[in-house]
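Chain A is the first sequence line, chain B the second, and so forth, proteins listed ahead of strands; every chain is numbered from 1. These figures come from a predicted structure and were not determined experimentally.
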Protein chains: 2
Amino acid sequence: MTEKKIDAVTENLSRILPILGKIFMKGVRAKTSYPPHVIFVMGALTHHGKLTMTGIGNHLSVPKPQVTTLIDRLIAEELVERLNDEKDRRIIYIQLTEKGKGRFKEIKSLMSESMKSALSELEEEMLDKLLLSSDAVCEALILLNEKFQQGYCHLTNSKASE
Amino acid sequence: MTEKKIDAVTENLSRILPILGKIFMKGVRAKTSYPPHVIFVMGALTHHGKLTMTGIGNHLSVPKPQVTTLIDRLIAEELVERLNDEKDRRIIYIQLTEKGKGRFKEIKSLMSESMKSALSELEEEMLDKLLLSSDAVCEALILLNEKFQQGYCHLTNSKASE
DNA sequence: TTAAATTATTACAAATATATAACTATTTAA
DNA sequence: TTAAATAGTTATATATTTGTAATAATTTAA
């Protein structure tokens with residue numbers, strides 16, 4: 001029984017993913033020059049305040065060397081900054097600068113615009129339904145993501161947690 | 001009012017996307033050697049039966065030359081086949097072979113397994129809620145995607161539809 | 001205090017994705 | 001029938017992402 005539900009959820013989520021990816025990436029590519037991961041890092045930092053390099057890698061499932069690359073780019077544009085941990089000097093926290101927060105807001109509103117043209121064609125009832133359901137999916141996935149925080153599998157450098 | 005709803009939906013969807021991407025791509029990468037687009041093409045073909053090259057590009061928002069590359073790969077593995085249109089000899093339909101259908105089923109069950117380990121930690125109630133809500137989101141996005149079928153923006157070769 | 005583990009970086013190589021331009025074959029329309 | 005438009009391909013350059021290995025600095029544990 002639970003088995004079947006899981007299959008059904010998988011089916012739904014696997015249909016949602018490419019469509020969502022398409023809609024967003026299209027908006028992002030059309031209106032900014034940032035690659036997806038850069039946007040996602042900024043999103044993660046917005047929600048978590050600050051994250052370690054390893055934490056960012058875990059959140060996005062990106063190998064650590066790639067995290068360094070992404071952050072280097074964001075640093076160069078002064079969108080994030082590094083903070084040292086007082087207790088453990090190996091750890092570096094990353095957080096958005098004011099400029100970064102502003103930029104991310106802009107990006108989000110660009111995406112909203114991009115969505116608007118599509119969503120505005122939905123009937124009000126459908127939009128309401130989508131709001132409620134996307135809310136529920138979002139909540140469940142965030143919960144899931146926490147349970148699923150297993151680092152990045154293929155990477156020797158950041159082994160699968162435990 | 002509708003404005004605010006759209007912002008909220010955008011916010012939700014933009015949080016859903018990276019988490020979903022992470023969970024899926026992790027499962028896919030860990031268990032198959034197919035890149036995301038290959039999986040998505042197979043998914044689109046599963047749902048639509050057959051699609052033209054241009055249609056595939058539109059569905060996934062991938063430039064045409066990249067569609068050719070993806071299909072070449074799938075052809076080489078005998079997972080899809082080309083069909084000529086009788087009426088218009090420029091058009092080539094792509095559809096899954098039996099082998100391709102079988103392979104995609106395998107992939108989906110691998111993804112289900114990957115999801116299972118995560119989902120099984122959710123409480124039954126949460127799972128039910130996720131099933132219903134993912135269903136609704138899926139339905140809305142599919143509808144949205146049809147309205148949003150505007151080809152691939154940055155490409156001169158496959159201009160913005162109409 | 002030495003060995004092991006952890007955090008982040010550097011350095012590559014390879015795979016995948018994006019962006020353009022030019023081209024063939026075919027159909028549509030003036 | 002010629003010109004314009006469409007479907008798909010080829011070719012090429014660049015950007016992004018992934019996969020490994022090795023390294024330095026620091027902390028933890030034996």
- Task: Taking only the side-chain heavy atoms of D88(A) (C-beta and beyond), determine which of dT26(D), dT18(D), dT10(D) contains the nearest atom.
- Result: dT26(D)
- Message: On a heavy-atom basis, which atom in R103(B) and which in L79(B) lie closest, and how many Å separate them?
- Response: CB-CD2, 4.0 Å
- Message: By nearest atom, which of the nucleotides dT9(C), dT17(D), dT7(C) is closest to the H37(A) side chain?
- Response: dT17(D)
- Measure the distance from CG on N58(B) to P on dT6(D) and round it to the nearest whole Å. 13 Å
- In whole angstrom, give the distance that lies between atom CD1 of I92(B) and atom P of dA25(C). 13 Å
- Task: Would you mind reading off the distance between R73(B) atom CZ and dA15(C) atom C1', rounded to a whole angstrom?
- Result: 9 Å
- Item | Separation of atom CE in M53(B) from atom C1' in dT24(C), rounded to whole Å | 15 Å
- Message: More than 12 heavy atoms of other residues, nucleotides or ligands under 6.0 Å from CD of E125(B): yes or no?
- Response: no
- Look only at the side chain of T97(B) and the backbone of G100(B), and say whether a donor-acceptor pair between them is shorter than 3.5 Å. yes
- Task: Name the closest nucleotide to the Q66(B) side chain, picking from dA25(D), dT27(C), dT18(C).
- Result: dT18(C)
- Task: Give T69(A) one of three labels, base, sugar-phosphate or nothing, depending on what nucleic acid heavy atoms sit under 4.0 Å from its own.
- Result: nothing
- Between R15(A) and D135(B), is there a salt bridge with N-O shorter than 4.0 Å? no
- Message: Closest approach to the side chain of R90(A), judged atom by atom: which nucleotide of dT10(C), dA25(D), dT16(C) is it?
- Response: dA25(D)
- Write down the distance between NZ (K22(B)) and P (dT17(D)), rounded to a whole number of angstrom. 17 Å
- Item | Presence of T52(B) side-chain N/O under 4.0 Å of dA7(D) phosphate oxygens OP1/OP2 | no
- Proximal nucleotide (of dA8(C), dT18(D), dA17(C)) relative to the I91(A) side chain: dA8(C)
- Task: Measure the shortest side-chain to side-chain distance between M111(A) and S14(B) over non-hydrogen atoms and say whether it is less than 4.5 angstrom.
- Result: yes
- Item | Gap between atoms OH and P, on Y34(B) and dT18(D) respectively (whole Å) | 19 Å
- Intermediate values then yes/no, side-chain contact (heavy atoms from CB on, under 4.5 Å), T10(B) and F24(A): CA-CA 9 Å; T10(B) 303; F24(A) 269 90; 4.3 Å; yes
- Message: OP1 or OP2 of dG8(D) versus the side-chain N and O atoms of T54(B): is any pair under 4.0 Å?
- Response: yes
- For the base of dT26(C), is there a side-chain donor-acceptor partner from R89(B) under 3.5 Å away? no
- Message: Does E124(A) have more than 12 heavy atoms from other residues, nucleotides or ligands lying within 6.0 Å of its CD?
- Response: yes
- Query: Does the salt bridge (charged side-chain N to carboxylate O under 4.0 Å, His left out) test come out yes or no for E98(B) and K101(B), once each step is laid out?
  - Reply: CA-CA 5 Å; E98(B) 286 309 312; K101(B) 288 178 193 170; 3.3 Å; yes
- To the nearest angstrom, how far is F40(B) atom CZ from dT18(C) atom P? 11 Å
- Regarding the side chain of P65(A), the nearest nucleotide among dT16(C), dA21(D), dG8(D) is dA21(D)
- Message: What is the distance, to the nearest angstrom, from the CZ atom on R29(A) to the C1' atom on dT16(C)?
- Response: 13 Å
- Message: For a quick test of reading the model: is some side-chain N or O of T68(A) closer than 4.0 Å to OP1 or OP2 of dT9(C)?
- Response: yes
- Picking from dT9(D), dT16(D), dT18(C), which would you name as closest to the side chain of K64(B)? dT9(D)
- Name every residue in residues 75-87 of chain A that has at least one heavy atom under 4.0 Å from any atom of DNA chain D, in order of residue number, or write none if there are no such residues. K87(A)
